[in-house]
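Residue numbers begin at 1 in each chain, while the letters A, B, ... track the order of the sequences.
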There are 4 protein chains.
Amino acid sequence: MKKEDPKESKQGAILKAAVELFEGRRFDEVKLDEIAAAAGVGKGTLYLYFKNKEDLFAQLAVDGIDGMTERIHEIAAMESAYKERLFLFGREFADFLAKRHGVMGVMNQVQSVPVDKVFRNHHDRMIEAIHELLQKGMDEGALRNDFQVSELRCALVGPILLKIRRAARVGEAIALKALLEFFWAGAAAKRKKGQHD
Amino acid sequence: MKKEDPKESKQGAILKAAVELFEGRRFDEVKLDEIAAAAGVGKGTLYLYFKNKEDLFAQLAVDGIDGMTERIHEIAAMESAYKERLFLFGREFADFLAKRHGVMGVMNQVQSVPVDKVFRNHHDRMIEAIHELLQKGMDEGALRNDFQVSELRCALVGPILLKIRRAARVGEAIALKALLEFFWAGAAAKRKKGQHD
Amino acid sequence: MKKEDPKESKQGAILKAAVELFEGRRFDEVKLDEIAAAAGVGKGTLYLYFKNKEDLFAQLAVDGIDGMTERIHEIAAMESAYKERLFLFGREFADFLAKRHGVMGVMNQVQSVPVDKVFRNHHDRMIEAIHELLQKGMDEGALRNDFQVSELRCALVGPILLKIRRAARVGEAIALKALLEFFWAGAAAKRKKGQHD
Amino acid sequence: MKKEDPKESKQGAILKAAVELFEGRRFDEVKLDEIAAAAGVGKGTLYLYFKNKEDLFAQLAVDGIDGMTERIHEIAAMESAYKERLFLFGREFADFLAKRHGVMGVMNQVQSVPVDKVFRNHHDRMIEAIHELLQKGMDEGALRNDFQVSELRCALVGPILLKIRRAARVGEAIALKALLEFFWAGAAAKRKKGQHD
DNA sequence: TATGAATGAGGCTTCATTCAT
DNA sequence: CATGAATGAAGCCTCATTCAT
């Protein structure tokens, strides 16, 4: 009980320090010395938990994705009206991206094949979760079903990602609600007269 | 006249070589040696045309953006139906991103303040051009005007960017038309009966 | 009595593991982690028995030398014909080298002054024992006495060392007998007719 | 003419500096910084001429061996009495070892397979040259032919190597002549009466 | 203008050593 | 006595940048 925690908390501390150092900076701009210092551990300690710098960043990227994936499944399984679930997802996903988009951006640059594969694995699982959420919307008759799910996903996620990125850079306020409403306007199934969501 | 051309072609050759080397790789993964070799020039020559590595990448990012900006203005000024102009933009913009999204991704990571500012300058001008295109759509009554232009831009560009990125990675075919239709479905102004675009 | 044994056996286990790991590898190629693992003890335990890495290797080199020295004295004191004693020494010394030449080779590289001195001490004692053996041969009239003892030692030991080394590398069979016979052919005192060894 | 020389002289300077720094020290004790400084070049320059530290040391070991090999062939081809040629070889080989035995010693420890192979290649060629010299002695009737050449080689070279090593350590004078005479005493073919060399 | 040999700052990484348990 | 997680000094090596030609 005592033993397990410090170990995880040490690795966790490193990852936490790394995410922050990493936001808005290139892979090569972040030095392992910095990370070690920020995490309050020795440089050598990093190598007890990570194979090398790239591995550290891969785990950084993976870390959190899984949590989000889990959360999406939860949201999809909720009982509330579909639009509510969708908007809830939008908000939580935006929060997630706000914290991770820097790391994700770098991972999209990473070449190193083995590292990349691990990341993609987890990333794909998250995408599948989103697909599930959208598929459910179609099955429930809440979303139009004359588009591919993957197109809907792009239409939903793409704008959020772009907005978050620019917000991070320019400091623009994130009019998330508007983006979601726009998506809804285009994606909601055409109800027969008299209906509304 | 004669002098200018070889110079530009040499600088152009370097940039061309660099873009390709850079796609899908991190800033630090691409070595100046490689670029020089690929461009068929000596290593020292790079410094005749670029202040340093970051400057080279900044110009790389800028290069092409201006052309795209110009093109957007042209498209916006065309006489055809708005939907056609919009879709034309979508196609050309997707082509542009397909070639540049790697570089753009890295630029979004670059920290170096002065370099960044140059890039952002040009980037912002391109964004303004897109705004102009969308604004025109509203003014012409083709697009709904109950959203901010910047939101519409995200809704239009975000999905394309996301799709392109994934396509580059997974090799998925790009169902660009579907994305554009989806945007149109949500963004087109509700016409009174009897209208069409 | 009971206490002494496990301790020695632990130290012995470490040394035994180290000799093997060390054969044919450089000082810096052998990691203390390896030694600890091979010896079946914790890394920290090494420091209970040895001051540091160099000390461990010094003891490694010393370990065995003393036994050999002792044995040479025994052989020299035997009653058998001198040639027999000489050849017995040759065989046992070759065995000794076969197990240790790697370690000895590294010790010949070691710079660290204090460590070196300890090794040289023991090494010199072994050389003296060989000198004693050879001197006895001269005194008994079995070896020619128109050469310095130290030259004879080189002539006897040098070829064996060289042979052993190459054998270790190439896997050549060790024609030890031939080498000893050659030495004997050159070093045996010219007998007056009718004598034999 | 001007170009060729500096290049070779630079690589030569590095090797020269390295041999000296290396004598009597372990592989890991010699730092590349030292070598660069001693050679009067920048650290990075080392990597223009050598793949890495091990490669540098391999070339160090190889460098000179080839010269010695060549020289042995020359000596073997001389017209003088065989004993003279043999002793000439002895002296020059001793000189060679005096300068290189440290390096050779380390090479005998090196594990790294590819590097090792290169060294062994050249080393074997030198051994073959010695064999040639000794074979010639047998063919000319100067050396006894009831021993294998390789045994004679050990008997000749082993003592020299041992002597040189100890001399380097203790500062003992090298009684090379005595060693050679001893070898000759044992290895010279028994002449029929009235003959002498 | 063009080159590429030379450089050296600085990063990643290793590993001997320590020390709290 | 025994351990092995943690450490950080220090080395190898890379690579952007310079400069003599």
Side-chain angles (χ1 to χ4, degrees), chain A residues 2-3 6-7 10-11 14 27-37 39-56, chain B residues 3 6-7 10-11 27-37 39-56, chain C residues 3 6-7 10-11 27-37 39-56, chain D residues 2-3 6-7 10-11 14 27-37 39-56:
Chain A
K2 227 188 196 164
K3 208 94 193 199
K7 179 175 169 164
K10 187 150 285 191
Q11 184 167 28
I14 294 170
F27 183 78
D28 58 297
E29 282 179 319
V30 179
K31 287 173 276 189
L32 290 185
D33 286 15
E34 279 185 76
I35 297 177
V41 301
K43 245 178 306 177
T45 306
L46 300 181
Y47 288 84
L48 295 179
Y49 298 98
F50 308 97
K51 213 169 65 252
N52 52 35
K53 193 182 179 183
E54 288 205 335
D55 181 48
L56 193 157
Chain B
K3 205 105 193 199
K7 176 173 171 166
K10 187 154 281 192
Q11 183 168 36
F27 182 77
D28 58 297
E29 280 181 317
V30 179
K31 285 173 273 188
L32 292 186
D33 276 6
E34 282 184 72
I35 297 176
V41 302
K43 222 189 317 180
T45 306
L46 300 181
Y47 287 85
L48 295 176
Y49 297 98
F50 308 97
K51 210 167 72 245
N52 53 33
K53 192 181 178 184
E54 290 205 331
D55 179 48
L56 191 157
Chain C
K3 205 106 195 201
K7 175 174 173 168
K10 186 153 282 190
Q11 182 168 35
F27 183 78
D28 59 297
E29 279 180 318
V30 178
K31 285 173 270 186
L32 291 186
D33 277 5
E34 281 184 73
I35 298 177
V41 302
K43 222 187 322 179
T45 307
L46 300 182
Y47 287 84
L48 296 176
Y49 297 98
F50 307 96
K51 212 167 72 246
N52 54 33
K53 191 182 179 184
E54 290 206 331
D55 181 49
L56 191 157
Chain D
K2 225 185 195 165
K3 209 90 191 205
K7 180 178 170 161
K10 188 150 282 191
Q11 182 168 29
I14 294 170
F27 183 78
D28 58 297
E29 282 179 318
V30 179
K31 288 172 275 186
L32 290 184
D33 286 16
E34 279 185 74
I35 298 177
V41 302
K43 244 177 310 175
T45 306
L46 299 182
Y47 289 85
L48 295 179
Y49 297 99
F50 307 97
K51 213 169 65 250
N52 55 32
K53 193 182 179 184
E54 288 205 335
D55 181 48
L56 192 156

Give the rounded distance in Å between these two atoms: CD of B/E34 and P of E/dG4.
-> 17 Å

Minimum heavy-atom separation for D/K53 to D/V30, with atom names?
-> NZ-O, 2.9 Å

Phosphate-side-chain proximity, D/Y49 and E/dA5, N/O vs OP1/OP2 below 4.0 Å | no

For A/D55 and E/dC12, what is the distance between atoms CG and P respectively, to the nearest whole Å?
-> 14 Å

Scanning both residues in full, the closest heavy-atom pair of B/Y47 with B/L32 reads OH-CD1, 3.3 Å

Whole-Å distance, B/K10 NZ to E/dT1 P, equals 11 Å

Summarise how protein sits on nucleotides 8-13 of chain F as a single string, 5' to 3': B when a protein heavy atom is under 4.0 Å from the base, S for sugar-phosphate-only contact, - for no contact.
-> B-BSSB

Grab the CG-P distance between A/L46 and E/dC15 for me, whole Å please.
-> 17 Å

With a 4.5 Å limit on heavy-atom distance, are the side chains of C/F27 and D/E29 in contact?
-> no

Listing for DNA chain E: consecutive Watson-Crick or G-U pair runs of at least 3, distance cutoff 3.5 Å, ranges ordered by first number, gives E:2-21 with F:2-21

Specify the separation, in whole Å, of atom CD of A/E29 and atom P of F/dA16.
-> 14 Å

Identify the residue among A/D55, A/I35, A/T45 that makes a side chain to side chain contact (heavy atoms under 4.5 Å, CB included) with A/F50.
-> A/D55

Inter-residue atom distance A/D33.CG - A/K43.NZ, 0.5 Å rounding = 4.0 Å

Measure the distance from CD1 on C/I35 to P on F/dG4 and round it to the nearest whole Å.
-> 16 Å

Could you give the distance from CD (A/Q11) to CD1 (A/I14), rounded to the nearest 0.5 Å?
-> 7.0 Å

